[in-house]
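Data block below; observations after.
Just follow the structure's listing: the first ligand is 1, and inside any ligand the first atom is 1.
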Amino acid sequence: MNILVINSGSSSLKYQLFKMPSKSPVCSGLAERIGIDGSFIKHTVYNKEDKHIIEQTSFISNHGEGLKQILKLLTQGEFAVITSPEDVAAVGHRVVHGGENFSGATIITDDVKQQIKKLFSLAPLHNPINYKCIEVAEETFPGAKQIAVFDTAFHQSLPEEAYRYAIPEWYYKEHGIRVYGFHGTSHKYVSEQAITYLKKQESKIISIHLGNGCSISAIKNGKCIDTSMGFGPLSGLMMGTRSGDIDPSVVFHLMEHAGYTLDQLSTLLNKQSGLLGVGGSSDMRDIRKLLGEDDDAAKLALDLYAYRIKKFIGTYAAVLNGIDAIIFTAGVGENDSAMRQAVCKNLNYLGISMDDDKNLKYKGEILAVNELDSQVKILVIPTNEEYEISSQCFELLKV
Ligand SMILES: Nc1ncnc2c1ncn2[C@@H]1O[C@H](COP(=O)(O)OP(=O)(O)O)[C@@H](O)[C@H]1O
Ligand SMILES: CC(=O)OP(=O)(O)O
Ligand SMILES: [Mg+2]
């Protein structure tokens with residue numbers, strides 16, 4: 001059964017085509033730096049021993065356009081992997097915000113689409129894009145099942161003390177104001193990988209997802225018990241363009257004393273803050289380049305970014321009453337060894353000590369980068385949201 005998975009993030013669009021139940025994809029790829037300079041698509045087709053890579057470097061203004069270019073690569077030319085739309089049984093979509101209604105993979109109906117639409121304002125960088133990708137896929141593969149896998153699903157296990165805010169209950173009951181949490185598909189996938197690696201079902205794990213969006217989760221015995229993103233994917237860690245935690249008084253102040261509108265505030269906190277706002281670019285690779293040129297703003301951005309992660313590790317060590325392993329994953333977590341090192345520095349009191357040489361050796365496979373006598377394992381685990389989505393779709397269709 002062929003399942004195409006579309007994982008649209010805030011800055012990227014990743015995809016993989018699986019012939020389920022095989023975990024090895026038929027093809028995979030990503031469009032990166034969507035909407036900023038230097039956009040590109042890297043498309044890889046896997047043959048038995050060989051692989052073919054196609055790279056395109058024209059500007060991609062938005063995700064809908066990116067997906068159309070990707071679908072061309074899948075269906076046209078010498079390395080096409082889909083000869084007819086009927087070849088695809090299902091398209092699995094990452095959908096970021098599912099509110100409280102979805103805890104598993106869900107067939108997309110008109111009603112589900114309306115619910116995704118209702119949540120646009122809570123995940124403005126994501127749900128509109130996810131919705132657009134669903135529409136493009138419906139047009140391209142009219143006979144395929146369209147299935148949504150929500151980032152919020154894995155966090156439905158949060159206990160009430162973690163998911164409720166300290167405001168009157170009415171706001172929860174009437175307006176659904178609570179912590180939902182995001183990147184759940186990634187946290188679920190990497191924590192399951194860690195449990196298998198540790199051979200320890202009863203485990204206390206901190207999973208740190210550092211992509212364009214960033215979040216950190218406390219996972220006890222395979223269940224998420226707390227997470228840093230909240231009502232929307234804006235709180236917690238510092239991100240590519242998002243501020244992460246900020247005192248709400250700042251919002252009142254800017255409204256009252258600087259005449260900011262809601263739109264301006266949303267733009268400031270969602271699109272102009274984080275690495276971009278402090279360091280001058282949303283892309284960690286650019287920040288590293290600026291650091292190499294002794295740029296003070298880039299240095300400050302890196303310090304803030306690492307400090308915030310460290311603070312959350314301390315918080316979740318308390319929440320979990322100990323730690324067996326911490327996981328670094330996603331674009332920055334997997335590729336930026338210097339950030340992993342900065343985060344783990346001076347955490348010896350928690351039993352976390354990194355082997356700096358091993359940390360430099362990560363090559364894309366799960367790797368423990370802690371010293372041998374470190375009480376806590378430090379794992380770098382490549383996330384695979386696409387495979388996790390594909391297997392959830394496959395399970396749903398098998399029933
Ligand atoms: N080699 C690298 N070194 C440092 N950062 C990297 C590297 N490769 C990718 N990244 C960073 O990963 C981030 C994107 O992560 P990703 O998980 O793909 O994001 P998303 O899925 O949220 O779009 C970008 O900030 C990018 O700079
Ligand atoms: C939820 C979220 O922030 O996703 P991304 O990292 O893909 O932007
Ligand atoms: Mg992502």
Side-chain angles (χ1 to χ4, degrees), residues 5-15 28-36 38-40 42 60 63 66 93-98 119 122-130 133 149-155 180-187 189-190 208-217 227-244 270-271 274-276 279-292 298 301-302 305 328-342 360 362-364 380-386 388-389:
V5 177
I6 297 169
N7 170 2
S8 41
S10 49
S11 73
S12 66
L13 204 166
K14 296 173 181 138
Y15 58 95
S28 69
L30 84 166
E32 265 201 272
R33 297 179 68 100
I34 295 173
I36 62 176
S39 352
F40 66 90
K42 185 173 175 186
I60 306 169
H63 286 70
H93 296 266
R94 173 192 184 207
V95 179
V96 163
H97 211 318
L119 294 161
L122 304 190
L125 302 184
H126 298 91
N127 271 35
I129 290 169
N130 303 149
C133 288
V149 174
F150 296 91
D151 262 37
T152 39
F154 182 60
H155 303 299
Y180 291 101
F182 301 89
H183 294 135
T185 306
S186 175
H187 289 300
Y189 176 80
V190 295
I208 311 170
H209 176 109
L210 305 176
N212 190 44
C214 301
S215 69
I216 177 165
S217 291
T227 193
S228 61
M229 283 179 164
F231 182 57
L234 180 55
S235 62
L237 303 179
M238 174 172 165
M239 318 188 202
T241 61
R242 286 166 261 170
S243 60
N270 279 302
K271 298 186 178 167
L275 289 176
L276 174 67
S281 170
S282 61
D283 192 307
M284 186 56 97
R285 289 162 289 200
D286 296 341
I287 298 287
R288 288 283 169 209
K289 225 182 272 164
L290 288 166
L291 184 73
L302 290 166
Y305 191 97
F328 286 94
T329 195
V332 175
E334 291 167 34
N335 294 300
D336 196 318
S337 54
M339 181 50 66
R340 295 196 295 266
Q341 189 183 36
L360 292 173
Y362 174 76
K363 288 261 165 24
V380 188
I381 304 183
T383 194
N384 196 342
E385 289 162 299
E386 295 81 32
E388 178 62 35
I389 291 171

Looking at ligand 1, does any of its N/O atoms fall within less than 3.5 Å of an N/O of [X]?
| X | result |
| --- | --- |
| Gly331 | yes |
| Glu32 | no |
| Leu210 | no |
| His209 | no |

Please write down residue, atom name and distance for the protein heavy atom closest to [atom].
| atom | value |
| --- | --- |
| atom 27 (O) of ligand 1 | Asp283 OD1, 2.4 Å |
| atom 14 (C) of ligand 1 | Asn212 N, 3.8 Å |
| atom 2 (C) of ligand 1 | Asn335 CB, 3.2 Å |

What part of Asp151, side chain, backbone, both or neither, has a heavy atom within less than 4.0 angstrom of ligand 2?
side chain
Taking heavy atoms and a distance under 4.0 Å, where does Lys14 meet ligand 1: side chain, backbone, both or neither?
side chain
Answer yes when Arg33 and Asp286 have at least one side-chain N-carboxylate O distance shorter than 4.0 Å, and no when they do not.
yes
Output yes when the distance from some N or O of ligand 2 to some N or O of [X] is under 3.5 Å, and no in every other case.
| X | result |
| --- | --- |
| Arg242 | yes |
| His209 | no |
| Gly211 | no |
| Ser8 | no |

Option set Glu385, His126, Met239, Lys14, criterion heavy-atom distance to atom 5 (P) of ligand 2, minimum
His126
Run the contact test for Met229 against ligand 2 with a 4.0 Å cut-off on heavy atoms, strictly below, and give the result.
yes
Gly333 near ligand 1 by a heavy-atom separation under 4.0 Å
no
